[in-house]
Amino acid sequence: MAIQFNHTILSAHDSQASATFLAEMLGLPAPIRWGPFLVVTTENGTNLDYMDVDGEITRQHYAFLISESDFDDIFNRICRRKLSYWADPGQTQPGQINHHDSGRGLYFEDPNGHLLEIITRTYGSGGWNP
Ligand SMILES: [Fe+2]
């Protein structure tokens, strides 16, 4: 039996704005409405489903494995929008990227405070290189 991770749900105060932010930042197709969700689909067929909620949002963390050229593109978008980014999930290293696993990685926030991460190598594939 092949088990594949299929989707997760992200709480948002403005799911349209949030889903569009993610799609634009990652260079993915525009979100699609499905019931109460705005669905962003990654290139391995996994969905991130944004749903509007009232009140406080519990922060979640989502990481995306990308190519080196995609890293350049996304990093340029982060810089053009003057978004904050960090080398670490604790957000103690602002304006820096990391080189774990001999790749590149960074963290940035979506409009609801969810912590997004982009990495060019999977965790554990090459070693911890702060
Ligand atoms: Fe992570």
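Order of appearance sets the numbers: ligands from 1, and atoms from 1 within every ligand. When a residue number appears, it is its place in the shown sequence, counting from 1.
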Leu83 side, atom CG; Ile74 side, atom CD1 - distance, nearest 0.5 Å
12.0 Å

Inter-residue atom distance Met51.CE - Leu38.CG, 0.5 Å rounding:
11.5 Å

What residue among Thr58, Ile57, Asp52 forms side chain to side chain contact (heavy atoms under 4.5 Å, CB included) with Ser11?
Ile57

Are Val53 and Leu10 co-members of a hydrophobic cluster defined by side-chain heavy atoms under 4.5 Å apart?
no

Phe64 reachable from Ile97 in the ILVMFWY side-chain graph, under 4.5 Å edges
yes

Under 2.8 Å from the Fe ion (ligand 1) - protein N/O/S, by chain and number:
His61 NE2, Glu117 OE1, Tyr123 OH

Can you check side-chain contact (heavy atoms from CB on, under 4.5 Å) on Thr46 and Thr41, steps first, answer last?
CA-CA 6 Å; Thr46 299; Thr41 302; over 6 Å; no

